[in-house]
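Have a look at the structure below before the remarks.
Numbers here simply count residues along the sequence, with the first being 1.
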Amino acid sequence: MEELVSIIMPSYNTDKFIPQSIESVLNQTYANWELLIVDDFSSDETVQAVHPFLTDKRIRFYRGSRNQGAAICRNKGLREAKGKWIAFLDSDDIWMPDKLEKQIAFMKSRGCHFSYTAYEEIDEASMPTGIHVGGPKHINRYLMRAYCWPGCLTVMYDNNAIGEGIQAADIKKNNDYAMWLKISRRADCFFLNETLAKYRKRSGSISDHNWLKLILWHYKLFRIAENQGVLISGVSTLQNIFFGCIKKIFYVKKYETE
């Protein structure tokens with residue numbers, strides 16, 4: 001029997017995109033999953049967009065009483081998860097139909113408990129931008145501290161092996177990275193070199209903010225989520241900036257689109 005996969009999907013004001021994200025889960029060749037959608041008190045039509053999908057008993061929907069951020073939503077989903085495997089999909093991103101099947105097979109064949117895959121970038125109209133993102137084949141704890149190599153929409157881990165209790169730090173940016181740092185203390189992360197997901201690049205997203213804000217968010221990650229001192233947090237932030245440049249040089253590829 002296929003082992004259960006728990007898919008964590010936080011949502012906030014994505015009524016235009018969340019149906020496509022849910023459809024990409026419904027289209028998976030691996031059928032034994034539960035989709036836990038946790039809405040962060042959306043002010044648009046996200047709730048109405050999700051409602052038609054709730055006839056599928058594998059989909060559970062939770063709605064917060066106020067806006068608290070993606071980390072709180074992910075943590076709610078993680079607490080409700082029942083699966084052996086934990087996977088993440090934001091409510092504007094998309095999976096390829098064989099994503100779960102291939103990633104579980106890869107992890108079982110390697111005997112690993114923590115993995116990620118390559119992904120491509122799409123725009124708000126779901127058209128490819130030509131950007132493909134990969135990463136190192138093997139990420140140990142020290143390399144994970146150097147930079148956040150995995151895209152959240154590609155990560156999967158074995159909940160039985162890693163152990164329950166993994167929660168995202170309540171910080172606005174990098175809360176997913178804070179989770180990978182926690183997991184990397186318990187297991188190395190391995191790369192499946194196949195493009196199995198599509199990341200939607202949206203105007204006005206957090207990643208579009210200026211360098212000063214990005215540096216500040218990296219600093220807060222190490223200072224608050226990792227509870228490091230001021231000096232170590234500063235050094236870790238500089239290290240992240242350096243390895244971010246390395247990632248763009250070696251692992252981010254630009255192809256011509258039709």
Any donor-acceptor N/O pair, [X] side chain to [Y] backbone, under 3.5 Å:
{"X": "Gln68", "Y": "Asp170", "value": "no"}
{"X": "Thr14", "Y": "Ser11", "value": "no"}
{"X": "Asn75", "Y": "Ala168", "value": "yes"}
{"X": "Lys254", "Y": "Thr129", "value": "yes"}

Angle class for the Phe191/Tyr116 ring planes (parallel below 30°, perpendicular above 60°, tilted otherwise)?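 Ring orientation of Phe191 relative to Tyr116: tilted.
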Minimum heavy-atom distance between [X] and [Y], given as atom pair plus value:
{"X": "Asp90", "Y": "Pro10", "value": "OD1-CG, 3.7 Å"}
{"X": "Tyr147", "Y": "Lys247", "value": "CE2-CD, 3.4 Å"}
{"X": "Leu196", "Y": "Asp98", "value": "CD2-OD1, 3.8 Å"}
{"X": "Leu89", "Y": "Ser21", "value": "CD2-O, 3.8 Å"}
{"X": "Leu100", "Y": "Ala87", "value": "CD2-CB, 4.4 Å"}
{"X": "Met144", "Y": "Tyr177", "value": "O-OH, 2.6 Å"}

Is it true that [X] and [Y] fall in one hydrophobic cluster, defined by side-chain heavy atoms closer than 4.5 Å?
{"X": "Ile104", "Y": "Ile7", "result": "yes"}
{"X": "Val38", "Y": "Phe17", "result": "no"}
{"X": "Ile22", "Y": "Tyr199", "result": "yes"}
{"X": "Tyr157", "Y": "Ile8", "result": "yes"}
{"X": "Ile224", "Y": "Ile72", "result": "no"}

With side chain to side chain contact (heavy atoms under 4.5 Å, CB included) as the criterion, how do Thr117 and Phe106 come out once you've worked through the C-alpha distance, each side chain's angles and the decisive distance to 0.1 Å? CA-CA 10 Å; Thr117 80; Phe106 169 79; over 6 Å; no
Of Glu121, Glu124, Gln20, which is the lone residue that meets side chain to side chain donor-acceptor pair (under 3.5 Å) with Arg200?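 The single option meeting the side chain to side chain donor-acceptor pair (under 3.5 Å) with Arg200 is Gln20.
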Drop me the distance from [X]'s [atom1] to [Y]'s [atom2], to the nearest 0.5 angstrom.
{"X": "Arg66", "Y": "Asp40", "atom1": "CZ", "atom2": "CG", "value": "9.5 Å"}
{"X": "His132", "Y": "Glu120", "atom1": "NE2", "atom2": "CD", "value": "4.5 Å"}
{"X": "Ser24", "Y": "Asp93", "atom1": "OG", "atom2": "CG", "value": "9.0 Å"}
{"X": "Ile166", "Y": "Asn159", "atom1": "CD1", "atom2": "CG", "value": "8.5 Å"}
{"X": "Met9", "Y": "Asp92", "atom1": "CE", "atom2": "CG", "value": "9.0 Å"}
{"X": "Thr195", "Y": "Lys99", "atom1": "OG1", "atom2": "NZ", "value": "12.5 Å"}

Assess the residue pair Asp176 and Phe88 against the criterion (side chain to side chain contact (heavy atoms under 4.5 Å, CB included)); give the C-alpha distance rounded to whole Å, side-chain angles, the decisive distance to 0.1 Å, and a yes or no. CA-CA 10 Å; Asp176 53 345; Phe88 301 87; over 6 Å; no
Partners passing salt bridge (Lys or Arg N to Asp or Glu O under 4.0 Å) against Glu194 (at least two apart in sequence or in another chain):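 By the salt bridge (Lys or Arg N to Asp or Glu O under 4.0 Å) rule, Glu194 matches Lys102.
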With sequence neighbours excluded, what pairs up with Arg58 under the salt bridge (Lys or Arg N to Asp or Glu O under 4.0 Å) test?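 Expected list: Asp56.
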OH (Tyr62) with more than 12 external heavy atoms under 6.0 Å: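 Atom OH in Tyr62 is crowded, with more than 12 foreign heavy atoms closer than 6.0 Å.
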Atom NZ of Lys137 with >12 non-hydrogen neighbours under 6.0 angstrom: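 No, NZ of Lys137 has 12 or fewer neighbouring heavy atoms, counting only those of other groups under 6.0 Å.
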Any non-hydrogen side-chain atom of [X] less than 4.5 Å from a side-chain atom of [Y]?
{"X": "Tyr219", "Y": "Val230", "value": "yes"}
{"X": "Phe53", "Y": "Pro19", "value": "yes"}
{"X": "Lys173", "Y": "His218", "value": "no"}

With side-chain hydrogen bond (donor to acceptor under 3.5 Å, both in side chains) as the test, would you mind laying out the steps for Glu3 and Trp85 before giving the verdict? CA-CA 8 Å; Glu3 296 156 324; Trp85 305 101; 3.1 Å; yes
Check against side chain to side chain contact (heavy atoms under 4.5 Å, CB included), Trp149 and Leu143: CA-CA 9 Å; Trp149 308 98; Leu143 191 56; 3.6 Å; yes
Option passing salt bridge (charged side-chain N to carboxylate O under 4.0 Å, His left out) with Glu34 (candidates Arg60, Lys57, Lys82):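 When Arg60, Lys57, Lys82 are each tested with Glu34, the salt bridge (charged side-chain N to carboxylate O under 4.0 Å, His left out) holds only for Arg60.
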Side-chain donor-acceptor pairs under 3.5 Å in residues 178-190, sequence neighbours left out?
unit_1, atom_1, unit_2, atom_2, d
Lys182, NZ, Gln167, O, 2.7
Ser184, OG, Trp180, O, 3.3
Ser184, OG, Leu181, O, 2.8
Arg185, NH2, Glu226, OE1, 2.9
Arg185, NH2, Glu226, OE2, 3.0
Arg186, NH1, Ile162, O, 2.8
Asp188, OD2, His138, NE2, 2.7

Looking at Asp39, Asp44, Asn67, which one forms a side chain to side chain contact (heavy atoms under 4.5 Å, CB included) with Asn13?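 For Asn13, the side chain to side chain contact (heavy atoms under 4.5 Å, CB included) check succeeds only for Asp44.
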Show, in sequence, the C-alpha distance, side-chain angles and deciding distance for Leu26 and Trp33, and conclude whether the side chain to side chain contact (heavy atoms under 4.5 Å, CB included) test is met. CA-CA 9 Å; Leu26 291 169; Trp33 49 260; 3.7 Å; yes
